[in-house]
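Here the structure is laid out as structure tokens; the discussion comes afterwards.
Residue indices begin at 1 and follow the sequence shown.
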Amino acid sequence: MLTGKQKRFLRSEAHHLQPVFQIGKSGLTEAVIAQIEEALEAKELIKVNILQNCDEDKNEIAAKLEARDGLEIVQVIGNMLILYKESKEKKQIQLP
């Protein structure tokens with residue numbers, strides 16, 4: 001669980017990032033979740049864009065992702081999710 005200070009730090013780090021994934025018409029599938037987890041292992045902090053044609057609610061998607069082991073939702077803003085997961089092998093971000 002991230003503290004408020006850690007979330008503020010991660011939001012500032014994510015400000016300049018571009019979305020890595022887009023969730024569209026097919027919604028959040030297991031294949032997309034696996035790709036998101038691979039990207040998080042490599043980068044630790046990513047943005048995911050939820051397209052307008054997605055049938056699932058952004059908060060439902062965030063809840064499904066947050067249920068994954070170690071995955072944290074930093075922020076849900078508009079149709080964008082900011083995700084963080086500490087990397088096991090390539091730790092790059094030092095949390096305050």
Side-chain angles (χ1 to χ4, degrees):
M1 187 75 178
L2 296 172
T3 64
K5 186 174 185 178
Q6 291 170 331
K7 284 187 177 183
R8 284 193 299 275
F9 172 75
L10 290 172
R11 281 197 305 262
S12 69
E13 292 290 314
H15 181 73
H16 300 290
L17 295 178
Q18 292 295 315
V20 177
F21 290 100
Q22 294 181 332
I23 298 176
K25 189 175 179 180
S26 60
L28 187 64
T29 63
E30 286 298 320
V32 172
I33 292 172
Q35 290 178 342
I36 288 173
E37 288 186 341
E38 285 179 20
L40 284 168
E41 178 61 30
K43 297 184 176 190
E44 292 189 312
L45 185 66
I46 63 170
K47 283 184 177 179
V48 175
N49 190 14
I50 301 170
L51 300 178
Q52 290 181 346
N53 64 355
C54 182
D55 293 334
E56 295 181 56
D57 182 53
K58 62 184 176 186
N59 294 321
E60 291 176 13
I61 292 172
K64 284 181 187 177
L65 289 172
E66 197 164 30
R68 295 287 174 159
D69 189 35
L71 201 153
E72 300 279 349
I73 303 294
V74 176
Q75 186 178 29
V76 178
I77 183 166
N79 287 332
M80 191 78 65
L81 303 176
I82 300 174
L83 308 176
Y84 171 78
K85 185 176 180 180
E86 185 175 332
S87 177
K88 295 175 185 169
E89 297 178 5
K90 295 181 180 179
K91 186 161 176 57
Q92 301 170 354
I93 299 174
Q94 290 289 358
L95 293 177

Could you tell me whether a side-chain N or O of Glu37 sits under 3.5 Å from a main-chain N or O of Ala34, the two making a donor and an acceptor? no

Is Lys7 reaching over with its side chain to a backbone N or O of Gln75, donor-acceptor style, under 3.5 angstrom? no

Measure the CG-CE distance between Leu17 and Met80 for me, rounded to the nearest 0.5 Å. 10.0 Å

Can you tell me if Ile77 has over 12 outside heavy atoms packed within less than 6.0 Å of its CD1? no

Would you say Lys58 has more than 12 foreign heavy atoms packed within less than 6.0 Å of its NZ? yes

Partner of Ile82 under side chain to side chain contact (heavy atoms under 4.5 Å, CB included), picked from Lys47, Glu72, Glu13, is Lys47

Side chain to side chain donor-acceptor pair (under 3.5 Å) contacts in which one or both residues fall within residues 20-36, not counting sequence neighbours: Glu30-Arg68

All pairs passing side chain to side chain donor-acceptor pair (under 3.5 Å) where residues 76-92 contributes a residue, at least two apart: Glu41-Ser87

Connected to Leu40, directly or through other members, by ILVMFWY side-chain contacts below 4.5 Å are Val20, Phe21, Ile23, Leu28, Val32, Ile33, Ile36, Ile46, Val48, Ile50, Ile61, Leu65, Leu71, Ile73, Val76, Leu81, Leu83

